[in-house]
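A quick write-up on the structure given underneath.
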Amino acid sequence: MVDLRAPGQPSGRNDLIVRHCQIAAEQHVEIMPCREYSLADLDIAKVLIATSDLKRKCVFVVKENPGASLVRTLSKFGNHFPVGTSAAADHIREILPSHISSTSRREFFSFERYEPGISTDKPTTNDIFNLFVKGSVRSDYLSTSVRTHNFPYVIKREEVELISDKIRNGSSVTILLSRLGNGKSVLSEMICANLSSAFDVYSFVKETVAIDSEIELLRAPDRPTIIFIDDYPKHIETIRKLRLGSSNNQFLLLTARTPRHFTASKPPAACLRAE
């Protein structure tokens with residue numbers, strides 16, 4: 001157990017940000033050298049913030065059949081597993097011998113790693129309304145809907161498997177085009193979720209001082225890697241740098257509005273053979 005108030009400990013929020021996974025349980029169980037917190041500790045409320053980066057890292061182990069109010073609260077900050085601490089500890093002990101540590105994973109700033117979440121609670125009517133009317137996507141619902149059966153959130157369009165197969169078969173650059181509001185962003189995320197078990201997936205976020213060093217790493221990644229870039233005509237130079245000397249493990253998934261694609265003044269040469 002980590003005492004967030006102990007001398008020499010990093011601030012709780014910063015600690016959560018740099019860690020790859022956090023486990024919070026109703027009862028503390030000493031099972032492995034990872035960051036664990038107790039839900040009974042009032043100080044946990046001071047460090048939990050509802051951001052996508054922290055949400056994908058936080059796991060809450062609670063007793064079976066938790067109340068609806070607790071589920072709603074925990075869902076704001078991470079994934080909850082209503083199995084009880086004993087069952088969770090048994091499961092972790094079972095997978096621990098084959099676990100490969102991710103502590104050496106490089107943190108990116110210009111690119112964001114896509115981490116598909118799996119949701120155990122079903123979408124509400126408000127979630128569906130927000131998706132279709134407001135365009136507000138719950139990534140954990142979307143990835144669960146794509147990767148599992150009988151999860152009513154999005155329809156897995158045939159284009160998802162069609163484009164996924166092209167990437168699996170070696171298509172290094174794929175461009176998705178559509179008019180405004182036709183769903184290319186959702187389709188792109190569905191493709192990323194569909195391939196996330198076999199590929200690392202990154203999305204371009206913004207240019208930072210670290211972009212050149214990150215591009216160098218993404219040119220020749222150790223394993224097959226998809227790099228998603230939205231509105232690609234705005235980022236021609238970044239694409240050019242990524243493709244310069246790239247290996248067979250690099251795959252670009254680019255999107256643009258149809259008129260913007262055909263009026264781009266400098267289409268990337270590497271995209272001329274795109275699917």
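The model shown is predicted, which means the values in this text are computed figures rather than measured ones. Throughout, numbering of the chain's residues begins at 1 and tracks the sequence.
Hydrophobic clustering places Val201 together with Val137 (ILVMFWY residues linked when any side-chain heavy atoms are closer than 4.5 Å, directly or through intermediates). Under the 4.5 Å side-chain contact rule for hydrophobic residues, Phe132 and Val146 share a cluster. Under the 4.5 Å side-chain heavy-atom criterion for Ile, Leu, Val, Met, Phe, Trp and Tyr, Leu217 and Phe111 are members of the same hydrophobic cluster. At a threshold of 4.5 Å between side-chain heavy atoms, the hydrophobic network of Ile, Leu, Val, Met, Phe, Trp and Tyr places Ile236 and Ile215 in one connected group.
Scanning for side-chain contact (heavy atoms from CB on, under 4.5 Å) contacts around Ser188 gives Leu176, Phe228, Leu253, Thr255, with sequence neighbours left out. For Ser197, there are no side-chain hydrogen bond (donor to acceptor under 3.5 Å, both in side chains) partners two or more places apart in sequence or in a different chain. Shown here are the side-chain hydrogen bond (donor to acceptor under 3.5 Å, both in side chains) partners of Ser110, two or more places apart in sequence or in another chain: Thr208. With sequence neighbours left out, Tyr153 forms a ring pair (Phe, Tyr, Trp, His ring centres under 6.0 Å) with Tyr141. Arg168 pairs by the side-chain contact (heavy atoms from CB on, under 4.5 Å) definition with Glu161, Ser164, Asp165, Asn194, Leu195, Phe199, not counting sequence neighbours.
A distance of 10.0 Å separates CD1 in Ile167 from OG in Ser172, rounded to the nearest 0.5 Å. Separation of atoms CG (Asp231) and CZ (Arg257) is listed at 7.0 Å; rounding is to 0.5 Å. Going from atom CD1 of Ile191 over to atom NZ of Lys184 covers 13.0 Å, rounded to the nearest 0.5 Å. Within the model, atoms CD of Glu158 and CD1 of Ile163 stand 10.5 Å from one another, a figure rounded to the nearest 0.5 Å. Here the CG atom belonging to Leu242 is positioned 9.0 Å from the CZ atom belonging to Phe204, to the nearest 0.5 angstrom. Considering CE of Met190 and CZ of Arg147, their distance stands at 13.5 Å, rounded to 0.5 Å.
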* Dump the intermediate steps for side chain to side chain contact (heavy atoms under 4.5 Å, CB included) on Val186 and Leu142, then the final yes or no. => CA-CA 9 Å; Val186 173; Leu142 183 144; 3.9 Å; yes

* Would you please test Ile229 and Leu254 for side chain to side chain contact (heavy atoms under 4.5 Å, CB included) and show each step? => CA-CA 5 Å; Ile229 301 179; Leu254 312 177; 3.7 Å; yes

* To do: Might you work through the side chain to side chain contact (heavy atoms under 4.5 Å, CB included) test for Phe251 and Ile227, ending with a clear yes or no?
  => CA-CA 6 Å; Phe251 300 85; Ile227 304 166; over 6 Å; no

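Within the 4.5 Å cutoff, the side chain of Asn169 has no heavy atoms near those of the Lys166 side chain. With a 4.5 Å cut-off on side-chain heavy atoms, Arg219 and Arg243 do not count as touching. Looking at Tyr202 and Tyr114, their side chains never come closer than 4.5 Å, going by heavy atoms from C-beta outward. At least one side-chain heavy atom of Phe81 sits less than 4.5 Å from a side-chain heavy atom of Val59. Side-chain contact between Lys241 and Asp212: present, with at least one pair of heavy atoms (C-beta onward) separated by less than 4.5 Å. Counting heavy atoms from C-beta on, the side chains of Thr238 and Tyr232 never come closer than 4.5 Å. Side chains of Glu64 and Val83 form no contact here, defined as non-hydrogen atoms less than 4.5 Å apart. A 4.5 Å side-chain heavy-atom check between Ile239 and Leu252 finds at least one atom pair inside the cut-off.
Within a 6.0 Å sphere centred on NZ of Lys234, other residues, nucleotides and ligands contribute 12 heavy atoms or fewer.
Between Pro152 and Ile128 the shortest heavy-atom distance is O-CD1, 3.8 Å. Across every non-hydrogen atom of Asn65 and Pro82, the tightest pair is N-CB, 4.4 Å.
Applying the salt bridge (Lys or Arg N to Asp or Glu O under 4.0 Å) test to every pair with at least one member in residues 189-203, sequence neighbours left out, gives these pairs: Arg113-Asp200, Asp200-Arg223.
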